[in-house]
Amino acid sequence: MLDIKLVRNNPEVVARSIQNRGAAQDLDDFLKMEQQRRELTRKVQELKTRRNQASQEVALAKREGRDPDQALEGLSELSETIKELDGELKGLDRQVQEWLLTVPNIPAEDVPVGSSEEDNLEVRTWGEKPPMDFQPREHWDLGVELGGLDFEHAARMTGSRFVIYLGWGARLERALINFMLDVQTGEHGYQETMPPMIVNRESMTATGQLPKFAEDLFKLENWEYYLIPTAEVPLTNIHRGEILDEDRLPLAYAAFTGCFRSEAGSHGKDTKGIIRQHQFNKVELVRFAHPDDSFQQLDLLLGHAEEILKRLGLHYRVVSLCTGDLGFGAAKTYDIEVWLPGQGKYREISSCSNFTDFQARRGDIRYKPRQGKKSRLVHTLNGSGLAVGRALVAIIENCQQKDGSIVIPEVLRPYMGGMDQIRKQ
RNA sequence: GGAGAGGUGGCCGAGUCGGCUGAAGGCGCUCGCCUGCUAAGCGAGUAAGGGGGCAUAAACCUCCUUCGAGGGUUCAAAUCCCUCCCUCUCCGCCA
């Protein structure tokens, strides 16, 4: 959520942001409504001041044993008027709030302006495409043949976009989870966390999934509860409504969770394989940062995600998302795209964002500065560290051999009971 | 599921028959004093959000709102009534 004062005082900044993102938002109507709201606020406040003063008179008269009738004169009518206008004001307040909840964050200064992913900026690459003197196979082909992935039975028990990991597949998924968590918690200083995978409406609103993107979420029937689309939601909401000590910043949390997405509007996209599933595993990193250094924190976070791919020896590139491709709440986002030889493409395996104070304002997450007494909003950041299923895909496709076997990256072998290769039984 | 207790500032905790209680007292924190150092002691300050003064930022002044959430009674609600949510204790049941 944007600061209402910013919208009011610098509408041109907001207008440009909306335009660069390719969003549609009626700023003028809002400003008129907001103006109206403030006028009514003022009016109601004046009446309340009068009422409060008169009430004091009554109290004083009674305490001194005088007759309070004179002070009570016309008071109930005044109260009635206040009640009426207060109701009207409440309606306006709600409308203002609702509008603010649907406006995207303002992109950071150095975010490239553009309309689609074509305009994203490649920041760097790491490693190289593995040399292959044969036609590389796709993971849904090789993974199934080697018995690690089973789409058919998953489709029967649930439906499309679900998978069963079997044998080495399940083991490899678990190995990746443990490896990622060990690095992030043991070496990068993240607090290990196992949060709920079901959260309430307030939490979804704070991080920005609601109210605008309800159709992307799975909602529980008869409950105001939702399955999380990412652990960003529970982790960021750990401190919702809190005032943190400045000394404690930055706070860093890591969690492995399932993630659940309806994938509404992506029909026909990535229908094969485990790239786009309704349920997938992810190790997520979340940081609560001081506003003065949140962009340095973003670089740090990005490095933590990259480290996993480096140790797995997987070639990737980092891109800075342009304004048109930026997520709703993000001020700046780096995507890490891993090379997939089977598909012959780079595919997103991590997305690291600085949300500045956007989520903090929605979730009321602040800190108390050492100097000065006013509490300020923290900055929140998050990134995948990494998407586990896609990492598994990358390993299958990058580490495959001419004979149809897969060589397990060295760092994972201790997690695989020493296994170094996957081959057809 | 049954019975009971409770939700008040950064934290703990008081709040009498509704009326100078936005909230005693304590802890913590900040500043100052004192002090070889530390500790202790003394003094002062210390909730958030919003409106206006103010075109803008800070400071300041002032007003409004907020005592789990929502509604009601009343000139006036932390205090009375209703609904809901959450926490705790006991019993029952269960991974």
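Each chain gets a letter, A, B and so on, in the order the sequences are listed, and its residues count up from 1. Quick caveat, the model's predicted, so the values are computed rather than measured.
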Would you indicate which nucleotide in B/rC75, B/rU73, B/rG51 comes nearest to any side-chain atom of A/T41? B/rG51
Work out how far the P atom of B/rG9 is from that of B/rG68, and round it to whole angstrom. 8 Å
Counting only side-chain heavy atoms from C-beta out, which of B/rC64, B/rG51, B/rG49 sits nearest to A/R42? B/rG51
Once side chain to side chain donor-acceptor pair (under 3.5 Å) is applied, do any residues pair with A/Q35, and if so which ones, sequence neighbours excluded? A/R38, A/E39
Does any nucleotide pair with B/rG36 by Watson-Crick or G-U wobble geometry, both distances under 3.5 Å, and what is it? none
Under 4.0 Å, heavy atoms only, any strand: does A/K43 hit a base, just the sugar-phosphate, or nothing? nothing
Can any side-chain N or O of A/H153 pair as donor or acceptor with the backbone N or O of A/I164 at less than 3.5 Å? no
Have a look at A/R361 and say if it touches a base, only the backbone sugar-phosphate, or nothing, with a 4.0 Å heavy-atom cut-off. nothing
Going by purine N1 to pyrimidine N3 plus the second Watson-Crick contact, or the G-U wobble pair, all under 3.5 Å, which nucleotide sits opposite B/rA69? B/rU83
Nearest-neighbour nucleotide for the A/S375 side chain, B/rA48, B/rC64, B/rC75 considered: B/rA48
Base-pairing assignment for B/rC11 (Watson-Crick or G-U wobble, both under 3.5 Å): B/rG26
For the ring pair A/Y367 and A/H379, is the centre-to-centre distance below 6.0 Å? no
Do any pairs count as a side chain to side chain donor-acceptor pair (under 3.5 Å) and have a residue in residues 9-23 of chain A, sequence neighbours left out, and if so which ones? none
Centroid separation under 6.0 Å, is that true for the rings of A/F213 and A/F328? yes
Sub-4.5 Å side-chain heavy-atom contact between A/H278 and A/F260: no
A/K48 NZ to B/rG50 P, in whole Å, measures 16 Å
Select one nucleotide: of B/rG49, B/rG51, B/rG10, the one nearest the side-chain heavy atoms of A/R366. B/rG49
I'd like to know if the side chain of A/R390 and the backbone of A/I275 have a donor-acceptor N/O pair within less than 3.5 Å. yes
What does A/D364 touch in the nucleic acid at a heavy-atom separation under 4.0 angstrom: a base, only the sugar-phosphate, or nothing? nothing
With a 3.5 angstrom cut-off on both distances, give the Watson-Crick or G-U wobble partner of B/rG49, or none if there isn't one. B/rC64
A/S79 side-chain proximity, nearest of B/rU65, B/rA76, B/rG50: B/rA76
Compare the minimum distances between each of B/rC75, B/rG52, B/rU73 and the side chain of A/R38, then state the nucleotide with the smallest one. B/rG52
For B/rC20, what is the paired nucleotide under Watson-Crick or G-U wobble rules, both distances under 3.5 Å? none
Output the single nucleotide from B/rA76, B/rC86, B/rC64 whose closest atom is nearest the side chain of A/Y225. B/rC86
Just by protein heavy atoms under 4.0 Å, how would nucleotides 18-23 of chain B read 5' to 3' in B, S and -? -B----
My understanding is that a pair needs two contacts under 3.5 Å, Watson-Crick or G-U wobble. By that rule, which nucleotide pairs with B/rC31? B/rG43
